[in-house]
Amino acid sequence: QVQLVESGGGLVQAGGSLRLSCAPSGRTFSNLAMGWFRQAPGKEREFVARISRSGARTHYADSVEGRFTITRDNAENTVYLQMDNLKPKDTAVYYCAADRGVIITTLPNEYDYWGQGTQVTVSS
């Protein structure tokens with residue numbers, strides 16, 4: 001079993017930045033691809049970004065491409081989501097997710113483990 005713990009959410013003004021962190025435990029971190037998703041009130045959970053096991057490959061939703069950066073530090077067992085130029089439409093609960101597979105997927109139900117989520121609120 002893998003437990004994921006997110007941190008770093010908060011309130012920020014439009015144009016500002018936040019960095020989210022996620023620290024998995026219970027399984028070798030380097031054997032997991034990692035992703036970030038978000039869910040706004042009344043909306044479905046949507047894909048934000050994914051990073052491969054080694055960190056060599058990343059994939060982003062069109063809505064965040066060029067503004068968000070996903071990275072990982074396998075020595076520190078941590079994955080990050082750097083969010084720059086935040087917009088009010090980025091307001092959501094952000095979830096860290098882990099995938100035991102290697103095929104790139106943006107579908108929430110294909111991820112095996114989930115964190116509890118962290119709130120990000122962007123004011124205009």
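Just so you know, these numbers come straight off a predicted model, no measurement behind them.
- A49 approaches L81 most closely through the heavy-atom pair CB-CD1, 4.2 Å.
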List the atom pairs, with distances to 0.1 Å, where a side-chain N or O of residues 113-124 and a protein N or O form a donor-acceptor pair under 3.5 Å, not counting sequence neighbours.
residue, atom, partner, partner atom, Å
Q116, NE2, E6, OE1, 3.3
T118, OG1, G9, N, 3.3
Q119, NE2, A92, O, 3.4
Q119, NE2, T121, OG1, 3.3

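- Looking at every heavy atom in both residues, G101 comes nearest to A33 through O-CB, 4.0 Å.
- In this structure, F68 and D84 have side chains that are not in contact, with every pair of non-hydrogen atoms separated by 4.5 Å or more.
- Residues in residues 30-42 take part in these salt bridge (charged side-chain N to carboxylate O under 4.0 Å, His left out) pairs, two or more places apart or across chains: R38-E46, R38-D90.
- Residues passing the salt bridge (charged side-chain N to carboxylate O under 4.0 Å, His left out) test with R100, sequence neighbours excluded: D112.
- Grouped with L11 in a hydrophobic cluster is no other residue, since no side-chain heavy-atom contact under 4.5 Å to another Ile, Leu, Val, Met, Phe, Trp or Tyr is found.
- Each disulfide bond (SG atoms under 2.5 Å apart) pair with one or both residues in residues 40-98, not counting sequence neighbours, appears once here: C22-C96.
- Separation of atoms CD1 (I104) and CD1 (I51) is listed at 11.0 Å; rounding is to 0.5 Å.
- By the salt bridge (charged side-chain N to carboxylate O under 4.0 Å, His left out) test, R50 pairs with D99, sequence neighbours left out.
- Distance check: S30 OG to D73 CG gives 11.5 Å after rounding to the nearest 0.5 Å.
- By the ring-ring contact (aromatic ring centres under 6.0 Å, His included) test, F29 is found to be paired with no residue, residues two or more places apart in sequence or in another chain being considered.
- Interatomic distance, CZ of R57 versus CD1 of I70, reported as 13.5 Å (0.5 Å rounding).
- A continuous path of ILVMFWY side-chain contacts below 4.5 Å connects V2 to V79, so both sit in one hydrophobic cluster.
- Applying the side-chain contact (heavy atoms from CB on, under 4.5 Å) test to N85 and every residue at least two apart in sequence or in another chain returns R67, K87.
- When every heavy atom of L4 is checked against every heavy atom of P24, the shortest pair comes out as CD2-CB, 3.3 Å.
- Under the side-chain contact (heavy atoms from CB on, under 4.5 Å) criterion, E110 pairs with T105, L107, not counting sequence neighbours.
- Think of Y80 as one node in a network of Ile, Leu, Val, Met, Phe, Trp and Tyr side chains linked at under 4.5 Å; it has no links at all.
- In this structure, CH2 in W36 is found 10.5 Å from OH in Y94, a value given to the nearest 0.5 Å.
- Under the 4.5 Å side-chain criterion, counting only non-hydrogen atoms from C-beta, R19 is not in contact with M83.
- Rounding to the nearest 0.5 Å gives a distance of 8.0 Å between OG of S7 and CG of L20.
- With sequence neighbours excluded, the residues forming a side-chain contact (heavy atoms from CB on, under 4.5 Å) with Q39 are R45, Y95, listed by chain and number.
- Checked by atom type and distance alone, the side chain of T78 pairs as donor or acceptor with a backbone atom of E76 at under 3.5 Å.
- Here T69 pairs with Y60, T71, Q82 under the side-chain contact (heavy atoms from CB on, under 4.5 Å) rule; sequence neighbours left out.
- The main-chain N or O of N31 is found under 3.5 Å from a side-chain atom of R53 such that the two form a donor-acceptor pair.
- Taking each heavy atom of F47 and Y111 in turn, the nearest pair found is CE1-OH, 4.1 Å.
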